[in-house]
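What follows is a short report on a single structure.
All figures in this text were calculated on a predicted structure; none of them were measured in a lab. Quick note on labels: first sequence line is chain A, next is B, and so on, each numbered from 1.
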Protein chains: 2
Amino acid sequence: MSNEHRPHRAVSAATLADVARAAGVSEITASRVVRGRGPISAATRAKVEAAIAAVGYVPNRLAGGLASAGSNLVGVVLPSLSNSVFPDVLSGLNGAIAGERLRTLVAVTDYDLDAERDAVAALLAWRPAALVLVGLEHRPETREMLAASGATIIELMDIEGDPVDLAVGLSHTAAGAAAARRLLARGRSRIGYVGHGAGDLRAAKRRAGLEAALKRDANLTLAGAHVVDAPSSVGAGRAALAALLEVAPELDAVVFSNDDMALGGAFHCMAAGVDVPDRLALVGFNGLELANALPKPLTTVRTARGEIGRIAGEVLCARLRGETPPKVTDVGFDVVAGGTD
Amino acid sequence: MSNEHRPHRAVSAATLADVARAAGVSEITASRVVRGRGPISAATRAKVEAAIAAVGYVPNRLAGGLASAGSNLVGVVLPSLSNSVFPDVLSGLNGAIAGERLRTLVAVTDYDLDAERDAVAALLAWRPAALVLVGLEHRPETREMLAASGATIIELMDIEGDPVDLAVGLSHTAAGAAAARRLLARGRSRIGYVGHGAGDLRAAKRRAGLEAALKRDANLTLAGAHVVDAPSSVGAGRAALAALLEVAPELDAVVFSNDDMALGGAFHCMAAGVDVPDRLALVGFNGLELANALPKPLTTVRTARGEIGRIAGEVLCARLRGETPPKVTDVGFDVVAGGTD
DNA sequence: TGCATCAATGACAGCGCTGTCATATGGCGT
DNA sequence: ACGCCATATGACAGCGCTGTCATTGATGCA
């Protein structure tokens with residue numbers, strides 16, 4: 001009469017031994033059929049496959065991983081899922097590793113390096129074949145764990161710094177500089193900046209690259225800046241540009257920390273009747289699909305996000321096959337000339 | 001001299017036995033400290049914790065899961081990551097289960113029910129504590145696997161149908177009907193529809209609800225429809241509305257399959273000089289943050305996406321604790337009166 | 001004082017699978 | 001006829017951990 005719950009376990013999951021018995025072969029032979037390894041005669045394979053279907057066998061990767069000293073999981077630590085950037089990366093990665101029967105185990109840190117450390121520890125407990133993180137800046141303990149794990153480590157998005165193992169990304173400093181040069185070439189000189197919360201280290205590098213290039217190429221400094229203490233969002237961008245123009249109405253261009261923020265800026269301009277680009281130029285960063293569908297497509301610096309994920313997956317597979325992929329892969333970026341500058 | 005790669009394993013990972021030896025206690029005692037179970041004296045705990053740090057111990061969840069017949073993983077099968085809807089759900093879920101030391105193992109199906117079946121099989125191999133899917137429609141084999149697994153199953157987003165176990169969502173038929181009633185109340189009568197690819201069953205239910213309510217309440221049928229054979233996107237929405245207005249210029253309102261599509265529609269109207277809402281009303285679905293930052297905020301039917309994830313996490317935790325959560329949780333929806341109707 | 005109770009710790013087996021090595025079988029060249 | 005190799009299969013141990021039950025003192029209470 002017990003109404004006891006056994007949340008963790010199937011009532012009585014079939015094991016490989018059940019399959020083997022049903023097929024009249026040994027466990028190891030059944031195992032080989034399941035994994036597609038080793039020489040198996042067609043007749044045996046058919047028997048085992050029938051047995052698998054008959055008993056409803058689902059392999060137990062916990063046992064398999066333990067026995068073979070490692071899982072087919074790829075740990076992925078992402079700062080956020082709230083704009084499309086990291087989901088795009090994740091999709092690219094998923095697509096590239098699906099063929100190798102690898103799966104992603106995802107953790108999200110909200111741009112918190114302590115949360116990243118904890119996530120790495122938790123993911124390492126699954127003995128992943130590889131671990132994918134974002135950025136090159138981590139807590140020292142994180143780097144130690146990564147190095148000690150012996151797993152393949154891939155750091156995404158950024159290549160300016162010292163990778164633990166492998167890196168796939170781009171130079172955000174250069175991307176910021178490209179935005180600066182673009183605006184200077186278009187004759188802008190009173191350039192402002194709208195940014196978002198401090199956790200995003202790559203956005204900070206872009207801003208630094210922007211300021212450095214303005215200084216170097218035209219001896220300019222930012223004519224105004226407004227940074228919201230919050231994650232990036234369209235609403236935040238809209239409010240931030242409004243606030244910035246309030247105190248610095250003379251600006252003739254604004255660079256945004258990313259496209260979400262820039263989109264908000266574009267919406268503010270539409271609503272407030274600010275003429276874009278004649279009165280004010282807007283430049284974003286990322287190259288989201290959405291920003292290209294605007295009545296005036298956003299001028300932005302496009303990063304190949306899906307591509308970064310895909311290449312990371314390929315680099316990872318190469319390493320797992322025992323090859324030696326390049327330590328750093330620079331996927332670069334494009335300045336997309338839209339209608340807002 | 002061998003340059004052999006051991007991709008899967010740390011050079012020599014410390015085990016619980018190493019910790020126990022270093023701490024001068026038995027393995028099981030070390031295990032209890034690691035897991036925070038059972039009565040442990042403060043002195044012993046301190047010794048073991050020091051040993052853990054000294055040897056750099058990282059627990060092996062593969063072994064732990066095998067020994068205790070179940071993992072602390074929650075398998076999550078999502079149709080897509082390409083608009084913010086499912087990332088939002090996932091964030092909510094992650095937040096709600098983090099406290100219980102559960103982790104999500106994510107698979108993406110691209111709205112393909114066969115891919116969903118394969119994903120379920122793959123996730124089940126990890127003996128997850130629970131499995132979270134989207135929608136109530138699955139292949140028969142999928143349902144069988146789910147039922148046979150004995151795990152807690154939660155189906156998200158939809159509540160119209162027969163849940164395998166637990167469901168958290170809303171009535172999309174009712175949401176579609178709400179959009180219809182909203183437009184009728186605003187005096188619209190020549191109502192069109194812009195939709196996206198066939199895999200999205202919930203979008204189809206919304207359309208059905210829309211059409212049924214138009215018929216029932218005003219004896220109207222759709223005055224035009226354009227459905228793109230592609231995933232939803234802002235660009236697709238923009239192109240689709242342009243195409244629809246080409247063949248049905250007399251429309252005075254358009255309902256979109258979701259906010260991404262509607263945003264594209266809004267952009268088309270801005271670009272083509274279609275006066276919204278005087279000449280044409282636009283209604284979306286989802287209530288994305290972004291759509292609310294438009295110069296004219298989008299009128300839409302908001303679903304509590306993060307909330308659905310959060311509640312799913314709570315329902316799940318309740319079940320794992322042995323409680324009996326409600327079989328179906330209706331989170332409802334809100335009609336958000338924006339400026340586009 | 002004696003006995004139940006509780007806190008703290010340990011011994012042992014086994015979770016389900018796979019790596020390693022061994023074995024059986026048949027074809028083939030000489 | 002003989003060894004040799006490739007193919008097909010199996011026996012066995014053990015991966016690292018935890019559930020179960022046992023053990024040891026210390027404590028409470030009549």
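Judged purely by atom type and a 3.5 angstrom limit, B:D158 has no side-chain atom pairing as donor or acceptor with the backbone of B:G135. Judged by distance alone, with hydrogens and angles left aside, the side-chain atoms of A:E155 form a donor-acceptor pair with the main-chain N or O of A:V164 at under 3.5 Å. Distance alone, capped at 3.5 Å, is enough to place a donor-acceptor pair between the A:S71 side chain and the A:W126 backbone. No donor-acceptor distance shorter than 3.5 angstrom exists from the side chain of B:T104 to the backbone of B:V106, with no hydrogens or angles considered.
Remark on DNA chain C: of its neighbouring residues A:E27 and B:S26, the 5'-side contact belongs to B:S26, judged by nearest-heavy-atom nucleotide.
Taking all atoms of both residues into account, the shortest heavy-atom contact from A:G70 to B:L62 is C-CD1, 4.4 Å. Of all heavy-atom pairs spanning B:E137 and B:E116, the tightest one is O-OE1, 4.0 Å.
Regarding B:D18, its CG atom lies at a distance of 11 Å from the C1' atom of D:dG16, rounded to whole Å. For the pair A:I28 CD1 and C:dC21 C1', the interatomic distance rounds to 12 Å; values are reported in whole Å. The CG atom of B:L16 sits 15 Å away from the P atom of C:dT9 (whole-angstrom rounding). Distance CZ (B:R21) to P (D:dG16): 12 Å, rounded to an integer number of Å.
Residue A:T15 has its side chain nearest to C:dC17 when only C:dG19, C:dG10, C:dC17 are considered.
For B:R139, the salt bridge (Lys or Arg N to Asp or Glu O under 4.0 Å) partners are B:D114, not counting sequence neighbours. For B:R21, the salt bridge (Lys or Arg N to Asp or Glu O under 4.0 Å) partners are B:D18, not counting sequence neighbours.
Within residues 29-46 of chain A, the residues that have a heavy atom under 4.0 Å from DNA chain D are, in order of number, A:T29, A:R32, A:P39, A:I40, A:S41, A:T44. The stretch residues 55-67 of chain A touches DNA chain D through A:L66, A:A67, each having a heavy atom under 4.0 angstrom from the strand.
Look at B:R310 and B:E314 and you find a salt bridge, because one of the NZ, NE, NH1 or NH2 atoms lies within 4.0 Å of a carboxylate O, short of that distance. A salt bridge links B:R143 with B:D162: at least one charged nitrogen is closer than 4.0 Å to a carboxylate oxygen.
Between the two ends of the helix from C:dT1-D:dA30 to C:dT30-D:dA1, each summarised by a five-pair axis, the helix axis turns through 30° (rounded to 10 degrees).
Within the structure, the side chain to side chain donor-acceptor pair (under 3.5 Å) test picks out the following pairs touching residues 42-60 of chain A (sequence neighbours left out): A:S41-A:T44.
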